[in-house]
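Working notes for the structure below.
A note on names: the letters A, B, ... follow the listed sequences, proteins ahead of strands, and every chain is numbered from 1. Because the structure is predicted, anything quoted here is derived from the model rather than measured.
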2 protein chains.
Amino acid sequence: MTTSYHHGDLRAALLARAEAVVEQDGVDALSLRALARDVGVSHAAPARHFRDRQALVDALAAAGFARMTQELAAASRPTATGPADVWDRLAAVARAYADFATSRPGLLSVMYASKHAEDADPALLEAGHACLQVVVDLVADGQADGSIADGDPVELSRVAFAAVHGVASLSTGGLLEDLPLDVALDRVVAVLVGGLRADRQRADR
Amino acid sequence: MTTSYHHGDLRAALLARAEAVVEQDGVDALSLRALARDVGVSHAAPARHFRDRQALVDALAAAGFARMTQELAAASRPTATGPADVWDRLAAVARAYADFATSRPGLLSVMYASKHAEDADPALLEAGHACLQVVVDLVADGQADGSIADGDPVELSRVAFAAVHGVASLSTGGLLEDLPLDVALDRVVAVLVGGLRADRQRADR
DNA sequence: ACATGAAGTAGGCAATGCCAACATCTAGTC
DNA sequence: GACTAGATGTTGGCATTGCCTACTTCATGT
């Protein structure tokens, strides 16, 4: 029963092993056959669950976005104890993003691998948008209580997301040089706060 | 003479063809043997110029950074005609970055492929740092003429670079959704201006 | 002239992705 | 309970790839 002809949940097992490989040796080291060996099935079994190698990578990326969405949402939720105004929540989300990015750089690079412009897997795009939505909601909250300046919350949140993502991306790419990530992150959050706050003096040029 | 045993400048020919392939079909479609066929040499000839496939990709990335450095520097230079204060120059650099990123998304993703954290090719890292230096100089100029707030120019410029890079990255990844890149770029520049300007009101929390 | 090394060639090997054909298990259906 | 259909897994094959080890050709300095 336990080790019958069929595996039970091969798809999940493949994804789990794939994520470990990606994290350890990078996405280029990902091999369907090696994966099958590791999991203990024949070399063609993965094809029953993933059309081709790229489909597996896409699934990995979508799962990564789903997990990141949860972590960002958890960081964004205002805590019962403490003030937790929008700026604190924004900083918390930024920290959560940086934590995710630095603890799983391989997965993150897979998530943003830009072979998804034209022939994008819709599920993957949707997962990415769901992740962005966390920040949209946060910005909308800030506008509702008057902390954040007026403007399309989608535009503003994209800017904030992009800035944090850029810092994390530079960090994992080794381009931050000797500048510690948390310092750069504090800086970027400070700039965002300065640029988004409702009571800032005329900053339009 | 022209088509003798040796090629003449095989290394450059391989790099040129490789960049075209990367731009058209992505870095995963890059094959040393196909490259050799395209250029008209035997399948082992590229090994005389690149230790392995990764070495070729690294060289491609370094060349990309070199070209981007030139374009950013050109955009950063204050024009003889017109005012060209630091903010205009900053916006111009941001536009130049976005242009480069969107016109060569494949090359850009190769440049930032984060397999260069530990075993980084020193030439590649240096090329990246040279590129960042353009923005460092720009920020230093802004601080010199009192436009930009005091602070480590390296830190501030990294923030600006990261923000712009993040927007470009989201754009090529299709995560900007229906938000046009130039709009997002204007927004991020506005936020940066608001966050970096010297005369802003107390924005430190 | 001739040795030396750089640059290109030819062939081999293991690994990979994908495909087709076959085997086994699971779930309905009568 | 037998039967069938489809999902899941296996085996074998093929073209391609990266890398390795010779071997060949050319250019250059003495």
Problem - Qualifying residue, where the test is side chain to side chain contact (heavy atoms under 4.5 Å, CB included) with B:Leu60 and the options are B:Leu14, B:Val21, B:Val22 - result: B:Val22
Practice task
Scan A:Arg37 against the nucleic acid and name what it touches under 4.0 Å (heavy atoms): base, sugar-phosphate only, or nothing.
Solution key: sugar-phosphate
Please tabulate the protein-to-nucleotide N/O contacts below 3.5 Å involving nucleotides 10-12 of chain C, giving atom names and distances.
unit_1: C:dG11; atom_1: N7; unit_2: B:His43; atom_2: NE2; d: 3.3
unit_1: C:dG11; atom_1: O6; unit_2: B:His43; atom_2: NE2; d: 2.8

Fill in the blank from the handout: Rounded to whole Å, the CG-P distance (B:Leu56 to D:dT17) equals 14 Å
Practice task
Would you check if the side chain of A:Ser169 reaches a backbone N or O of A:His165 as a donor-acceptor pair within less than 3.5 Å?
Solution key: no
Practice task
Assess whether atom CG of A:Asp145 is packed by more than 12 heavy atoms of other residues, nucleotides or ligands within 6.0 Å.
Solution key: yes
Practice task
Provide, to the nearest angstrom, the distance between the CZ atom belonging to B:Phe50 and the P atom belonging to D:dC20.
Solution key: 16 Å
Exercise for the section: Taking B:Ser157 for its side chain and B:Pro153 for its backbone only, find out whether a donor-acceptor pair lies under 3.5 Å. Expected result: yes
Fill in the blank from the handout: B:Arg48 CZ to C:dG5 P, in whole Å, measures 14 Å
Problem - Nearest-angstrom distance from the residue atom NE2 of A:His49 to P of D:dG6 - result: 18 Å
Exercise for the section: Provide, to the nearest angstrom, the distance between the CZ atom belonging to B:Arg53 and the C1' atom belonging to D:dT16. Expected result: 13 Å
Completion exercise
So, with a heavy-atom separation below 4.0 Å from DNA chain D, the residues of residues 22-31 of chain B are B:Leu30, B:Ser31
Practice task
Kindly say whether B:Phe100 contributes a backbone atom to a donor-acceptor pair with the side chain of B:Arg67 at under 3.5 angstrom?
Solution key: no
Practice task
Starting from C1' on C:dG8, measure out to CZ on B:Arg11 and report it in whole angstrom.
Solution key: 17 Å
Exercise for the section: For A:Thr102 and A:Ala98, indicate whether the former's side chain and the latter's backbone hold a donor-acceptor pair under 3.5 Å. Expected result: yes
Handout entry: N/O donor-acceptor pair under 3.5 Å between B:Arg104 side chain and B:Glu19 backbone
Key = no
Problem - A:Leu35 CG - C:dC18 P separation (whole Å) - result: 13 Å
Handout entry: Backbone of A:Leu107 reached by a side-chain donor or acceptor of A:Glu23 within 3.5 Å
Key = yes
Exercise for the section: Would you indicate what B:Arg51 reaches in the nucleic acid, counting non-hydrogen atoms under 4.0 angstrom: base, sugar-phosphate, or nothing? Expected result: nothing
Exercise for the section: Look at the side chain of B:Ser171 and the backbone N and O of B:Val167, then say whether any donor-acceptor pair between them is shorter than 3.5 Å. Expected result: no
